[in-house]
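As structure tokens, the structure follows; a few thoughts come after it.
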Amino acid sequence: ETGVTQTPRHLVMGMTNKKSLKCEQHLGHNAMYWYKQSAKKPLELMFVYNFKEQTENNSVPSRFSPECPNSSHLFLHLHTLQPEDSALYLCASSQGTGLQETQYFGPGTRLLVL
Amino acid sequence: AQKITQTQPGMFVQEKEAVTLDCTYDTSDQSYGLFWYKQPSSGEMIFLIYQGSYDEQNATEGRYSLNFQKARKSANLVISASQLGDSAMYFCAMREGLIQGAQKLVFGQGTRLTINP
């Protein structure tokens, strides 16, 4: 596979469930990101990992727990979510620090919390 | 204050016509980058074009071009000869600053473009 992949593509969960979103990048990049896209709101950056180290936690509630075991994989562990957490969760990666570096996105996971 | 402003929530254009999607930005950085992404209904954000703040020429990528007016802080996307497949949400984004080697992108609210046959 090429590019950035995300699984699952769709997820329905109850507020008491625990689930995980997975992201994998096949681009040899060093940085990976989680974004949340809610209806009628701009993309919100949640977490940033660079060389497996978390460098940004954008005031995200603790019910979202990221994990980056290596530069190619990124997880978002979910537990005791709220209905307002229903959104499209997008993963992205970028190579490095140059001005022209582009973030490449995966197809996203559409999450519905009941 | 909003960093990226896209004033057109929706646009309707006839197939084969050119279309301009507006984007204005706000930054005090001298060095920054501007990006446009396309998001079809499938959800994936597709990178279209990039413009650096020091680039003297407007960026072009196939049918996409970026009308960069630095003094006005605008970075409008121009799509020439629009096609039905261009129907999607379009997001303008700005990169400013670095987070220990990783970028931080700020996105606008997007413009929904519909191409009519």
Side-chain angles (χ1 to χ4, degrees), chain A residues 2-6 8-11 23 25 27 29-58 68 71 74 87-111, chain B residues 1-7 9-10 23 25-27 29-55 57 59 61 64 66 88-112:
Chain A
T2 59
V4 181
T5 58
Q6 289 185 244
R9 294 293 310 276
H10 301 272
L11 179 62
C23 175
Q25 59 96 359
L27 301 169
H29 289 169
N30 298 313
M32 297 187 76
Y33 312 78
W34 278 117
Y35 287 88
K36 176 184 179 182
Q37 187 178 27
S38 305
K40 300 182 180 179
K41 291 178 70 175
L43 259 72
E44 301 171 67
L45 178 66
M46 299 176 71
F47 301 104
V48 180
Y49 278 83
N50 192 35
F51 290 98
K52 302 187 298 179
E53 298 296 322
Q54 186 180 133
T55 57
E56 178 87 359
N57 177 337
N58 212 25
C68 188
S71 293
L74 185 64
L88 179 68
Y89 289 85
L90 289 161
C91 173
S93 69
S94 66
Q95 174 62 43
T97 62
L99 186 65
Q100 197 169 347
E101 295 296 343
T102 297
Q103 290 185 22
Y104 292 91
F105 286 79
T109 295
R110 291 193 185 275
L111 173 65
Chain B
Q2 271 193 317
K3 293 278 189 178
I4 297 286
T5 302
Q6 295 181 252
T7 58
C23 173
Y25 58 92
D26 181 27
T27 182
D29 284 1
Q30 295 300 309
S31 178
Y32 53 90
L34 297 156
F35 300 80
W36 277 92
Y37 285 86
K38 171 185 178 182
Q39 187 178 39
S41 56
S42 58
E44 182 176 2
M45 297 283 281
I46 302 168
F47 165 69
L48 295 178
I49 196 167
Y50 165 84
Q51 179 85 43
S53 58
Y54 292 116
D55 293 341
Q57 294 196 345
E61 288 286 349
Y64 304 108
L66 204 151
M89 283 290 290
Y90 288 80
F91 292 93
C92 180
M94 177 173 64
R95 170 198 166 276
E96 56 173 8
L98 291 172
I99 319 164
Q100 296 186 32
Q103 302 170 29
K104 186 169 186 177
L105 276 182
V106 177
F107 285 81
Q109 293 196 306
T111 296
R112 181 171 296 281

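Worth saying up front: this structure is predicted, and the values here are computed from it rather than measured. Values reported hereafter were calculated over all heavy atoms of this structure, with side chains retained and with hydrogens, waters and symmetry mates removed. Lettering of chains follows the sequences in order, A, B, ..., and the numbering in each one begins at 1.
Atoms CG and OH, on L105(B) and Y33(A) in that order, are 7.0 Å from each other to the nearest 0.5 Å. Between M45(B) atom CE and Q37(A) atom CD the span is 6.0 Å, to the nearest 0.5 Å.
Annotation: salt bridge (Lys or Arg N to Asp or Glu O under 4.0 Å) contacts of E61(B) (sequence neighbours excluded): none. Residues satisfying the side-chain hydrogen bond (donor to acceptor under 3.5 Å, both in side chains) test with T27(B), not counting sequence neighbours, are E96(B).
If you measure heavy-atom distances from Q51(B) to chain A, you find no contacts under 4.5 Å at all.
Residues G108(B) and P42(A) come closest through the heavy atom pair O-CB, 3.7 Å.
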